[in-house]
Participant: 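First the structure, then my questions, so here it is.
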2 protein chains.
Amino acid sequence: MDQVGMNNIDQVARLFKILSDANRLKIIFIIGKNKRSVSELINETGLSQTLVSFHLKVLRDSEMVDTERKGPFIYYRLKNTGLVDLLYAFNQYAVNRKEEMETGMLWPCPPWFVKKTSKR
Amino acid sequence: MDQVGMNNIDQVARLFKILSDANRLKIIFIIGKNKRSVSELINETGLSQTLVSFHLKVLRDSEMVDTERKGPFIYYRLKNTGLVDLLYAFNQYAVNRKEEMETGMLWPCPPWFVKKTSKR
DNA sequence: AGTTGATATGAGTGCTTGCTTATATATGAT
DNA sequence: ATCATATATAAGCAAGCACTCATATCAACT
């Protein structure tokens, strides 16, 4: 039907789902092309230890990261650092789009979001 | 802290969330750099009319698409077709990663997923 | 062995969200 | 006006998922 895409859509969607959480993205950005210990991630994100560990598990389960123990510390690094470049590309896209937007803001998904007790 | 990223993380995450559904991705891929009527999308995706409309609303609310009425038909097109190229880049990334993977499959997010009544 | 610091795991909770069923609106033709 | 076709909206439900609290593991030091 088309030369690319179509067949791997589920995979790509799942990848996007993994990337669709701000805290996870933060973690990935901080790890970048280097390695970071959990402690460092906790400090630099400002998130709780449990929450960081939680998200790291997601990244581990999805085989996005490798771990390496050094004494009591566990260092995380991206299995494929090409991701970082892709993320920057996406970031750039988001920045550009943001300017074109009427609301000045990327809108989240479901319709009812709009009407529900305008939470937050 | 870093030259890019960090500040727009929420925006990027939201963008990924929009893209994190296989059906929505399918629709976006089909629209591509052209325009498609809802009917065409229904046919080419095989999804129900309601479901297609539902996802199109998400894309409209997030200002990803423009619409144009032609008689009874409504045509959708991407506001910024650069997205298509990014998607292909990600698709390529997913394909490459897939080969490196132990499971041969990108794993979805939450841990309990694993244990729950292995649905579907 | 006991303690401390670093990290992981499990259960529980509430908001999120994809989907369906039913219904509405809009357009064009008769 | 009525009808058929194209598309959108509303309400409800079940599952997904981010988060927290409590507890467990593991390494290093005493």
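Protein chains get the first letters and strands the later ones, always in sequence-line order, with residue 1 at the start of each.
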Participant: Figure out the CG/P separation between A/L19 and D/dC17, and round it to whole Å.
Facilitator: 14 Å
Participant: Are any of the side-chain nitrogens in B/D10 or B/R14 under 4.0 Å away from the carboxylate oxygens of its partner?
Facilitator: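 The answer is no: the pair does not qualify as a salt bridge.
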Participant: Mind checking what makes ring pair (Phe, Tyr, Trp, His ring centres under 6.0 Å) contact with B/F90, not counting sequence neighbours?
Facilitator: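 Applying ring pair (Phe, Tyr, Trp, His ring centres under 6.0 Å) to B/F90 gives A/F16, A/F90, B/F16.
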Participant: Closer than 4.0 Å, any side-chain N/O of B/K17 to the OP1 or OP2 of C/dT17?
Facilitator: yes
Participant: I need the CD1-C1' distance between A/I18 and D/dA18, as an integer number of Å.
Facilitator: 15 Å
Participant: With sequence neighbours left out, what residues match A/N80 under side-chain contact (heavy atoms from CB on, under 4.5 Å)?
Facilitator: B/Y93, B/R97, B/E100
Participant: Choose from C/dC19, D/dT7, D/dC19 the nucleotide whose nearest atom is closest to any side-chain atom of B/D21.
Facilitator: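 Closest of the options to the side chain of B/D21: C/dC19.
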Participant: Please name all residues satisfying side-chain contact (heavy atoms from CB on, under 4.5 Å) with A/D85, sequence neighbours left out, ordered by chain then number.
Facilitator: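 Counting only residues at least two positions away or on another chain, A/D85 forms a side-chain contact (heavy atoms from CB on, under 4.5 Å) with A/K33.
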Participant: Taking only side-chain N and O atoms of B/N23, does any of them lie within less than 4.0 angstrom of OP1 or OP2 on C/dG18?
Facilitator: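 Answer no for this pair, as no side-chain N or O of B/N23 is under 4.0 Å from OP1 or OP2.
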Participant: Show which residues join B/F73 in its hydrophobic cluster (side-chain heavy-atom contacts under 4.5 Å, direct or indirect), or state none.
Facilitator: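 ILVMFWY cluster around B/F73 also holds B/Y75.
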Participant: More 5' along DNA chain D: A/K70 or A/L51, using each one's nearest nucleotide?
Facilitator: A/L51
Participant: Assign A/Y76 to base, sugar-phosphate, or nothing according to its heavy-atom contacts below 4.0 angstrom with the strands shown.
Facilitator: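 Contact class for A/Y76: sugar-phosphate only.
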Participant: Which dot-bracket string describes DNA chain D (Watson-Crick N1-N3 plus N6-O4 or O6-N4, or G-U N1-O2 and O6-N3, all under 3.5 Å; [ ] crossing; | other strand)?
Facilitator: ||||||||||||||||||||||||||||||
Participant: Between atom CG in B/L47 and atom C1' in C/dT20, what is the gap in whole Å?
Facilitator: 13 Å
Participant: Quick one: B/D10 CG to D/dA18 C1', roughly how many Å, whole number?
Facilitator: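 From B/D10 CG to D/dA18 C1': 14 Å.
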Participant: Heavy-atom distance under 4.5 Å between the side chains of B/L56 and B/T67, does that happen here?
Facilitator: no
Participant: Extract from the structure each pairing of a protein N or O with an N or O of nucleotides 4-6 of chain D at less than 3.5 Å, listing the distance.
Facilitator:
residue, atom, partner, partner atom, Å
D/dA6, O3', B/P72, O, 3.4

Participant: Which residues pass the side chain to side chain donor-acceptor pair (under 3.5 Å) test with B/S20, sequence neighbours left out?
Facilitator: none
Participant: Once you round it to whole Å, what is the distance between P of D/dT7 and CG of B/L59?
Facilitator: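 Rounded to whole Å, this separation is 16 Å.
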Participant: Which nucleotide sits closest to the side chain of B/T50: D/dT7, D/dA18, D/dT9?
Facilitator: D/dT9
Participant: D/dT9 P sits how many Å from B/K57 NZ, rounded?
Facilitator: 5 Å
Participant: Is a salt bridge present between B/R36 and B/E44, judged by a nitrogen-to-oxygen distance below 4.0 Å?
Facilitator: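 Yes, this pair counts.
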Participant: Apply side-chain contact (heavy atoms from CB on, under 4.5 Å) to A/A89 and list each qualifying residue two or more places apart in sequence or on a separate chain.
Facilitator: B/L86
Participant: Once you round it to whole Å, what is the distance between P of D/dA8 and NE2 of B/H55?
Facilitator: 14 Å
Participant: Could a donor-acceptor pair under 3.5 angstrom be found where the side chain of A/Q49 meets the base of C/dA6?
Facilitator: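 By the distance-only test, no, there is no pair.
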Participant: Could you give the CZ-to-P distance, from A/F16 to C/dT17, as a whole number of Å?
Facilitator: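 In whole Å, C/dT17 P lies 17 Å from A/F16 CZ.
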Participant: Linking directly or through intermediates, with side-chain heavy atoms under 4.5 Å: list the remaining ILVMFWY members grouped with B/V95, chain and number order.
Facilitator: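 Members other than B/V95 - counting any ILVMFWY side chain reachable under 4.5 Å - there are none.
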